[in-house]
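Comments concern the structure below.
Throughout, protein chains are lettered first and strands after them, A, B, ... in sequence-line order, and every chain is numbered starting at 1. Because the structure is predicted, anything quoted here is derived from the model rather than measured.
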There are 2 protein chains.
Amino acid sequence: MVTNADQDYVKAIYRLQGQNRSVSTSSLAATLGVTSASVSGMLRKLDQARMVNLRRYRGVRLTERGRRTALEVIRRHRLIELFLVEILRMPWENVHGEAERLEHAVSDEVLARIDKLLGSPQRDPHGSPIPSPSGEIALLDRVRLDQTAPGVRGTICEVSDDDPEMLRHLSKLGLIPGARIDVREIQQIDETRLIGCGKKRCTVSPKVAAAVWISKDQ
Amino acid sequence: MVTNADQDYVKAIYRLQGQNRSVSTSSLAATLGVTSASVSGMLRKLDQARMVNLRRYRGVRLTERGRRTALEVIRRHRLIELFLVEILRMPWENVHGEAERLEHAVSDEVLARIDKLLGSPQRDPHGSPIPSPSGEIALLDRVRLDQTAPGVRGTICEVSDDDPEMLRHLSKLGLIPGARIDVREIQQIDETRLIGCGKKRCTVSPKVAAAVWISKDQ
DNA sequence: CAATAGAATTAGGAGTGCCTAACTTTTGCT
DNA sequence: AGCAAAAGTTAGGCACTCCTAATTCTATTG
Ligand SMILES: [Mn+2]
Ligand SMILES: [Mn+2]
Ligand SMILES: [Mn+2]
Ligand SMILES: [Mn+2]
């Protein structure tokens with residue numbers, strides 16, 4: 001039986017493993033807000049359920065089964081987020097936490113109806129791609145804003161969605177998916193960036209810049 | 001901490017206790033689909049949490065706290081059912097099971113938005129009254145159709161919502177909340193009723209009649 | 001290459017919620 | 001009243017998911 005915790009674990013592993021890197025116990029513990037001991041136990045269980053391959057003391061990788069499960073939950077999560085914004089008019093900074101619970105409670109039938117009502121959307125409110133029902137996901141060619149050099153131009157394609165305060169800050173600055181931006185200048189001292197965003201300008205710390213991904217022009 | 005199980009238990013106790021009758025372990029076990037031993041354990045826990053008053057071997061009653069909790073969950077349940085029918089266009093026979101899970105996962109904020117979107121409705125899709133946010137609920141003056149005598153006229157105010165097959169059957173016959181009906185005749189042999197319903201007529205067994213409540217004329 | 005810091009695991013325990021089997025209390029009937 | 005059936009509770013166990021503390025393994029570094 002796939003429990004709520006199982007789903008949250010494979011989702012976290014999927015995010016952390018990126019292009020198939022092995023995921024450590026401690027990174028999962030930090031992400032999920034539990035102790036390493038708890039993660040160790042869960043990983044043994046997920047290994048037995050063939051959701052992950054566990055190599056003791058060297059981390060885990062998702063199996064095909066685990067990947068499929070993760071993408072299913074991510075699809076749920078992102079469709080629910082968009083639904084909350086579009087249909088219930090909830091502010092985008094609160095929908096992540098809500099979706100974190102609802103993703104486990106919504107049936108396939110309800111999800112299909114939400115998908116239809118929204119017109120089978122491709123992106124969630126924060127710009128993240130929504131996996132297809134069969135588990136395909138568009139991989140974006142993107143760069144994190146804090147990794148950009150002066151002169152870079154592009155469009156914001158995604159922002160990280162888990163910190164409501166950060167999201168409020170980003171919308172105040174106009175740093176939302178779809179916005180055209182360019183990097184004007186980077187302060188030596190603290191890597192603060194001067195950004196042109198549409199017709200406005202703003203200053204962003206590395207911490208804020210790390211929450212923004214852009215797709216570069218050309 | 002109030003768990004999902006706690007919520008389902010107090011909701012079941014609320015339904016079974018009616019006008020403050022004491023609720024037996026076995027009736028709860030039957031309603032919830034668990035063993036009497038499981039119910040015994042949970043009731044001890046709910047008693048310690050002051051959600052119920054437990055008198056060993058003589059059943060439980062909700063405390064004020066338990067009643068409030070039950071009505072909160074019932075409000076969630078019914079608003080979610082109506083939302084599923086009205087907004088997601090789900091057939092009314094499937095929404096009960098769905099709401100049974102979602103009632104535990106939806107936040108107060110989402111619930112308030114659902115309530116607003118629906119225009120603060122008073123009744124769920126099956127005609128049951130929706131408690132107010134503060135826990136008031138309209139008590140209906142109603143009779144179960146299988147308790148009626150020939151000649152009785154009235155309006156269907158509520159149908160029981162937990163059996164999808166029954167609900168499909170009722171909608172096929174037109175026995176839905178709001179329908180005007182009258183009892184034409186009762187067969188001696190098996191208590192089958194001949195019912196006039198709008199312009200049509202239909203025959204209902206006691207089992208089906210027990211799923212329909214009417215408010216009598218006058 | 002051995003000492004050690006840091007990462008991971010194991011041991012032991014808690015709360016939740018379910019089960020079966022055994023036991024106790026209540027109830028209904030003669 | 002007395003006995004048996006029915007109803008309810010307790011005992012013992014399991015799966016889940018978390019915790020702290022103790023232990024073991026890996027990786028770094030002098
Ligand atoms: Mn999210
Ligand atoms: Mn979640
Ligand atoms: Mn429920
Ligand atoms: Mn209902």
So which pairs with a foot in residues 18-58 of chain B pass ring-ring contact (aromatic ring centres under 6.0 Å, His included), sequence neighbours left out? none
Only counting residues at least two apart or in another chain, list the ones meeting side chain to side chain donor-acceptor pair (under 3.5 Å) with A:Arg67. none
Under the side-chain contact (heavy atoms from CB on, under 4.5 Å) test, residues paired with B:Asp108 that sit two or more places apart: B:Arg76
So, with a heavy-atom separation below 4.0 Å from DNA chain C, the residues of residues 5-18 of chain B are B:Ala5, B:Asp6, B:Tyr9
Show your working on salt bridge (charged side-chain N to carboxylate O under 4.0 Å, His left out) between B:Arg193 and B:Glu185 and close with a plain yes or no. CA-CA 6 Å; B:Arg193 281 172 168 72; B:Glu185 207 182 310; over 6 Å; no
Which dot-bracket string describes DNA chain D (Watson-Crick N1-N3 plus N6-O4 or O6-N4, or G-U N1-O2 and O6-N3, all under 3.5 Å; [ ] crossing; | other strand)? ||||||||||||||||||||||||||||||
Hey, is the side chain of B:Ser24 poking within less than 4.0 Å of OP1 or OP2 on D:dA7, counting only N and O atoms? no
Restricting to salt bridge (Lys or Arg N to Asp or Glu O under 4.0 Å), what partner residues turn up for B:Arg123, sequence neighbours left out? none
For a quick test of reading the model: is some side-chain N or O of B:Arg56 closer than 4.0 Å to OP1 or OP2 of D:dT10? yes
To the nearest angstrom, the OH-C1' distance between B:Tyr57 and C:dT25 comes to 5 Å
Tell me: NE2 of B:His104 to C1' of C:dT16, nearest whole Å? 15 Å
Rounded to whole Å, how long is the line connecting atom CE of A:Met1 with atom P of D:dC16? 6 Å
What is the distance, rounded to the nearest whole Å, between atom CZ of A:Arg55 and atom P of D:dT26? 11 Å
Listed partners of B:Ser132 passing side chain to side chain donor-acceptor pair (under 3.5 Å), at least two apart: B:Ser134
What residues from residues 35-54 of chain A pass a heavy-atom cutoff of under 4.0 Å to DNA chain C? A:Ser36, A:Ala37, A:Ser40, A:Arg44
Any luck finding a side-chain donor-acceptor pair between B:Glu165 and B:His169 under 3.5 Å? no
Taking ring-ring contact (aromatic ring centres under 6.0 Å, His included) as the test, write out the residues that go with B:His104, two or more places apart. none
Nearest-Å distance, CZ (B:Arg58) to P (C:dT24)? 19 Å
List the residues meeting side-chain contact (heavy atoms from CB on, under 4.5 Å) with B:Val85, not counting sequence neighbours, and say none if there are none. B:Trp92, B:Val95, B:Pro125
Cut-off 3.5 Å, no hydrogens considered: what does the side-chain donor-acceptor table look like for residues 42-56 of chain A, sequence neighbours left out?
from	atom 1	to	atom 2	distance (Å)
A:Lys45	NZ	A:Asp6	OD1	2.7
A:Lys45	NZ	A:Asp6	OD2	3.3
A:Asp47	OD1	A:Leu54	N	2.9

ring-ring contact (aromatic ring centres under 6.0 Å, His included) partners for B:Tyr9, two or more places apart: none
Without decimals, in angstroms, what is the distance between B:Leu28 CG and D:dT9 P? 11 Å
